[in-house]
2 protein chains.
Amino acid sequence: MRIRIDPTLPTPLFEQLASAVRSTIIDGRVIGGERLPAARRLAEGLGVNVHTVLRGYRLLRDEGLIELHRGRGAVVATRLGGHAALAGAIHDLVDEAKLHDLPESALLALVSEAYRSAPSAAGVLRTGPTR
Amino acid sequence: MRIRIDPTLPTPLFEQLASAVRSTIIDGRVIGGERLPAARRLAEGLGVNVHTVLRGYRLLRDEGLIELHRGRGAVVATRLGGHAALAGAIHDLVDEAKLHDLPESALLALVSEAYRSAPSAAGVLRTGPTR
DNA sequence: CGACTTGTTCGAGTAACAATAGAACAATAG
DNA sequence: CTATTGTTCTATTGTTACTCGAACAAGTCG
């Protein structure tokens, strides 16, 4: 896994780090259970503070993509298969958006709003007879 | 067209305003060529500064959704059809994301990264056993 | 023309946040 | 036990974002 971080970009460092790792997980380039580098070591390698790396890791943990354990480090969550359809849906959407010359910011805003107004997965998954 | 903004939310006011107007346009609840309220008047009605409203308008203008003209006001851009496929793609993606229990923040990050499929560089990360 | 409307630009102040740093702590591995 | 690794706490620094006031410029309309 190769991660690129650019301090000159407006995007926060911890977010760049999280995005890079997230992509490798969603794309299936790392398998569940695989161990990520220790925060202190990675921080040194990237030339950033340990807290910055840990913040990125914590972000991914909150998203359910990795697990953090003291003494054991950061581990890619198992039971993460089937993201292929997700990656495909994302690709389709981006294609459609660029077809309409819709800027990234507008696309994100629309997705965000759709996410909030959509029913939760749990609700869709059946909760007994509807009438 | 009813617009509601909440100063207590972490989302910037101008962004809340832009999102509200954007939705009404994408959903087709306002027709192309239709005129939006003048910034000063809308600002007074919402209890915010004129700049806040104008910044929201400017955001939509940069997205190509409206046009701004001095003396004439803000007008919904014509030639905005064909967003149906876009709305569909968004819906599909959100469904898929919720099926995987993927949080909104993670979804937005993935879409964002997919949109600009040309990252920049500096820094390396290796996976596998941490020696 | 001339008064009015409307968006634009300049400048500024406050708040929020990112990033860094040091230290001590708790759980896990070997 | 010893070393590793994430967690928590406090603190500082620099930068950015948001909101706002006032003056300006371009257009509209009688």
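Here the structure is a predicted model, which means the values were calculated and not measured. Chain letters run A, B, ... following the sequence lines, proteins first, then strands; residues in each count from 1.
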dist His100(B):NE2 -> Leu86(A):CG (nearest 0.5 Å) comes out at 6.0 Å
Roughly how far, to the nearest 0.5 Å, is CD of Glu96(B) from CG of Leu93(B)? 8.0 Å
Any pair counted as side-chain hydrogen bond (donor to acceptor under 3.5 Å, both in side chains), so long as it reaches residues 29-46 of chain B, sequence neighbours left out: Asp27(B)-Arg29(B)
Which residues pass the salt bridge (Lys or Arg N to Asp or Glu O under 4.0 Å) test with Arg58(B), not counting sequence neighbours? none
OP1 or OP2 of dC18(D) less than 4.0 angstrom from a side-chain nitrogen or oxygen of Thr52(B), does that happen here? no
Would you say Asn49(A) reaches dA21(C)'s phosphate, i.e. side-chain N/O to OP1/OP2 under 4.0 Å? yes
Mind checking Leu54(A) for me? I need base, sugar-phosphate or nothing, with any heavy atom below 4.0 Å counting as a touch. base
Heavy atoms under 4.0 Å, any strand shown: does Val48(A) hit a base, just sugar-phosphate, or nothing? sugar-phosphate
Most 5' of Ala39(A) and Thr11(B) on DNA chain D, judged by nearest nucleotide: Ala39(A)
So which nucleotide from dT20(C), dG7(C), dG6(D) ends up closest to the side chain of Tyr57(B)? dG7(C)
Of the candidate nucleotides dG6(D), dC20(D), dT19(D), which contains the atom at the shortest distance from the side chain of Leu13(B)? dT19(D)
Can you give one letter per nucleotide of nucleotides 9-17 of chain D, going 5' to 3': B for a protein heavy atom under 4.0 Å from the base, S for sugar-phosphate only, - for none? B--------
Just by protein heavy atoms under 4.0 Å, how would nucleotides 24-30 of chain C read 5' to 3' in B, S and -? --BBBS-
Can you tell me if His91(A) has over 12 outside heavy atoms packed within less than 6.0 Å of its NE2? no
Grab the CG-C1' distance between Leu9(B) and dC18(D) for me, whole Å please. 15 Å
Using atom CD of Glu67(B) as one end and atom P of dA26(D) as the other, report the distance to the nearest whole Å. 19 Å
Are [Y] and [X] co-members of a hydrophobic cluster defined by side-chain heavy atoms under 4.5 Å apart?
X	Y	answer
Leu54(A)	Leu68(A)	no
Leu59(B)	Leu46(B)	no
Leu13(A)	Val50(A)	no

So Ile3(A) and Leu42(A), side chain to side chain contact (heavy atoms under 4.5 Å, CB included) or not? Walk me through it. CA-CA 10 Å; Ile3(A) 286 196; Leu42(A) 180 54; 5.7 Å; no
Residues at least two apart in sequence or cross-chain that pass side chain to side chain contact (heavy atoms under 4.5 Å, CB included) with His51(A), listed by chain then number, are Asn49(A)
Below 4.5 Å, heavy atoms only, C-beta onward: do Leu102(A) and Leu110(A) meet side chain to side chain? yes
Per nearest nucleotide of DNA chain C, the residue lying toward the 5' end, Arg58(B) or Arg41(B), is Arg41(B)
A correct dot-bracket answer for DNA chain C, with pairs being Watson-Crick or G-U at under 3.5 Å, [ ] for crossing pairs and | for inter-strand pairs, is ||||||||||||||||||||||||||||||
